[in-house]
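Notes follow the structure.
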There are 2 protein chains.
Amino acid sequence: MVTIYDIAAQAGVSAMTVSRVINNTGKISDKTRAKVQRVMDELNYVPNHMARSLVLQQSKLLFLLITDITNPFYTTLARGAEDAAKKSGYRLLFGNSDESSQKEKDYIDTILSTRADGVLIAPASDSSLPHLESLRRHNVPFVLLDREVPGMGSDVVLGDTKEGARKLVDHLISLGHRRIALINGLPTISSARLRLEGFREALKLGDLAYDEQYVLESAFEPKSDLSDIESWLDSMDPAPTAIVAGNNVLAVEVIRTLHARGLRVPDDLSVVGFDDLGPYSEIDPFLTVIAQQAYQFGYLGMQMLIERIEERGAAAQPWRRVVLPAELVVRRSVAKLPE
Amino acid sequence: MVTIYDIAAQAGVSAMTVSRVINNTGKISDKTRAKVQRVMDELNYVPNHMARSLVLQQSKLLFLLITDITNPFYTTLARGAEDAAKKSGYRLLFGNSDESSQKEKDYIDTILSTRADGVLIAPASDSSLPHLESLRRHNVPFVLLDREVPGMGSDVVLGDTKEGARKLVDHLISLGHRRIALINGLPTISSARLRLEGFREALKLGDLAYDEQYVLESAFEPKSDLSDIESWLDSMDPAPTAIVAGNNVLAVEVIRTLHARGLRVPDDLSVVGFDDLGPYSEIDPFLTVIAQQAYQFGYLGMQMLIERIEERGAAAQPWRRVVLPAELVVRRSVAKLPE
DNA sequence: CTGTTAGCGCCTTCAG
DNA sequence: CTGAAGGCGCTAACAG
């Protein structure tokens, strides 16, 4: 491994001079600078980020931690974050927590030990609290995306989830549906809780009773075992005429399960969901959804993060909370019921 | 920042003892271990991996560099790489080069200075050569995914691309198609070249002439300007009855363009492609494709990478080249033509 | 079983 | 303008 000492020896200067050339600090004669530069090129020198960070106690690296890298909502968000980071001259690395608190913890450790300057994070669940506290304790700025964590104040970018759930239910009611079911994420996730709240409120406003048997709480991420969904579908009596899915993954899982038992959407049952299915849904628009502005989640979140990083030392600003609108996109997965 | 010295002082032992507890090395009395452990918990100690890597000269960090984070092929691949890395106790970070050679270079620099133990990389194009040479020079093992780079020997995981292209064309021919067009990636990408070769061979075997006007070379990644596709579609005379798309992104772009001009698939024109559209295509299987084993690309590639890392110093093994099969999945985007 | 010494590669501080 | 000394947090090698 080539170090600044190797460069220094070759160039006949001290390591300190090399360091100054690299960081463009202090005053150096053009001749010395040129010589050092030449030797660095010859030896293919690459600065050691770890040694550097050890001394400086900081890097120029940002992290984005998402919970499901195969979910188009998060990958689109990632592109937004990337573009915003690039615009400000930061580098961005990604991590995938897979909705697992343990994996999230591992990433947080990696992030802490890599001395990232900041983190954009979609927390796995409420149990992410200790991880966020750890970031806070170590003075690493972060911005939460899509989900909040009770007990942790911070900047955050959210979707207008409750309103989205209401719009979905209203849409179903307006088409004559009266028995509406909800398959949702786990209640340890703030966005799932809001979806349930919005769902209940919309039912109440529509003069429909809330019936617990019509609600299933499953996991937001893709899974191979869908037996909980299967038995839930079988158990509901009378069967619902429409199902609201808490995210795109659940929507797909419900529809697949329905297909597997010979039921067609929307002929036999209507299905609506949250979040679009990615650019690929465009070729055959099928699922009626609440489309969230995924790219904006990442872009705005990254801007807020960078502002926090760069205002460091200045008077602490109050936490900011951005709520992005939820738009209903009507396609063809809902049937109009006879009066 | 809490260091092992703080722990040591609090616990009344030496820093070395703390280090041993953390790494579970050497022999330590249960009492000492318990005491140290307790202090670590109290002080919320987080080990500094940079300091650790500095002395160990290895980071246990691996990188995966993909070219399009919004493409389900790559995200599924990423999940495979992640699982394999985890199984061997490595951490994995992701980067997205966006098919850009410049962004790729930036990531390679980050990777080098972060002293990653190895890199899994889908190269942006043939012009990635200098970046790979840089990795090699610095002794960072890497495995190429999906694409090769002429002039650079290495382990590589490829799809059976040529065979895939042949199957696609054969399928079209068997359904009566005679005027078959190809929209492909840029010829600076090895997989695009192979697709074209397979395409031409299949035409020849089917006694069909190769006609240059039926081939368009566009970019593999999503773009907002589709005018090249539009004018190509207009220009072909006589119009083709079927189009082969070099990847899923191109397939979607072609279909969208067709829809925009009121043409239906497959009624007016048949379309087939490479790579599936992600888990979400399952709810409404439409596009006939060559499905590649994306997860396996990542999983096997990661295994090969880790083997390289851990065999270090042993006699150099010859490069390995894994070719994964290409499976034709027939759905409903192809029309059967009358005799 | 536990402690001491030295150094990983780099940068800050203080001298020239 | 340039250099020497010291230390960031940690662990290998050697001593007890």
Side-chain angles (χ1 to χ4, degrees), chain A residues 1-37 39-40 43-61 109-117 137-140, chain B residues 1-37 39-40 43-61 109-110 112-117 138-140:
Chain A
M1 155 156 310
V2 180
T3 73
I4 55 171
Y5 288 95
D6 301 324
I7 311 287
Q10 277 279 330
V13 297
S14 77
M16 211 34 239
T17 301
V18 177
S19 175
R20 289 192 178 103
V21 170
I22 293 169
N23 298 296
N24 206 19
T25 53
K27 292 200 177 294
I28 307 224
S29 73
D30 287 350
K31 213 171 68 183
T32 309
R33 179 190 308 281
K35 188 165 55 185
V36 169
Q37 198 68 57
V39 176
M40 289 203 302
L43 300 189
N44 291 305
Y45 172 74
V46 177
N48 186 322
H49 206 277
M50 317 207 112
R52 199 155 193 273
S53 305
L54 235 203
V55 176
L56 296 182
Q57 303 282 12
Q58 64 145 4
S59 65
K60 261 293 178 181
L61 274 181
D109 285 349
T110 301
I111 287 166
L112 283 173
S113 62
T114 308
R115 290 294 177 277
D117 287 348
R137 213 165 28 234
H138 290 277
N139 219 25
V140 179
Chain B
M1 157 155 307
V2 180
T3 74
I4 55 172
Y5 287 96
D6 301 324
I7 310 288
Q10 277 280 331
V13 298
S14 77
M16 207 42 229
T17 300
V18 178
S19 173
R20 289 191 178 103
V21 170
I22 293 168
N23 298 295
N24 206 20
T25 52
K27 291 199 178 295
I28 307 225
S29 74
D30 287 348
K31 213 170 67 185
T32 309
R33 178 188 309 281
K35 189 167 52 186
V36 169
Q37 198 68 58
V39 176
M40 288 203 302
L43 301 190
N44 290 304
Y45 172 73
V46 177
N48 186 324
H49 286 227
M50 315 221 89
R52 194 157 196 275
S53 304
L54 235 203
V55 16
L56 295 183
Q57 298 286 10
Q58 57 145 9
S59 59
K60 281 285 176 188
L61 262 186
D109 285 349
T110 301
L112 283 172
S113 59
T114 308
R115 294 298 182 270
D117 289 348
H138 291 279
N139 219 24
V140 179

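Chain letters run A, B, ... following the sequence lines, proteins first, then strands; residues in each count from 1.
Smallest separation of non-hydrogen atoms from S14(B) and A8(B): C-CB, 3.6 Å. Closest heavy-atom contact between T17(A) and I28(A): O-CD1, 3.7 Å. In terms of heavy atoms, A116(B) sits closest to V140(B) at O-CG1, 4.0 Å.
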Margin query: Run the side chain to side chain contact (heavy atoms under 4.5 Å, CB included) test on N48(B) and L54(A) for me, step by step, so that the C-alpha distance in whole Å, both residues' side-chain angles and the decisive distance to 0.1 Å come before the verdict.
Written below: CA-CA 9 Å; N48(B) 186 324; L54(A) 235 203; 4.0 Å; yes
Note to self: Would I22(A) and Y45(A) count as a side chain to side chain contact (heavy atoms under 4.5 Å, CB included) here? Give the steps.
What the structure shows: CA-CA 10 Å; I22(A) 293 169; Y45(A) 172 74; 3.5 Å; yes
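Put simply, T32(B) has no side-chain N or O that comes within less than 4.0 Å of OP1 or OP2 on dC1(C). Taking only side-chain nitrogens and oxygens, S29(A) comes nearer than 4.0 Å to OP1 or OP2 of dT2(D). The phosphate of dG3(D) (OP1 or OP2) has a side-chain N or O of T17(A) nearer than 4.0 angstrom.
Without hydrogens or angle criteria, S59(B) side chain to R115(B) main chain gives a donor-acceptor distance under 3.5 Å. At distances below 3.5 Å, at least one donor-acceptor pair connects side-chain atoms of H138(B) with backbone N or O atoms of N44(A).
When rounded to the nearest whole Å, the span between CG of N24(A) and P of dC11(C) equals 13 Å.
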Next item on the list: Could you run through nucleotides 9-16 of chain D and give me one letter per nucleotide, 5' to 3': B if any protein heavy atom sits under 4.0 Å from the base, S if only the sugar-phosphate is that close, - if neither?
Entry: BBBBBB--
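In the helix from dC1(C)-dG16(D) to dG16(C)-dC1(D), the terminal helix axes, each the rotation mapping four pairs' C1' atoms onto the next four within five end pairs, subtend 40°, rounded to 10°.
Under the rule for a side chain to side chain donor-acceptor pair (under 3.5 Å), T114(B) has no partner lying at least two apart in sequence or in another chain.
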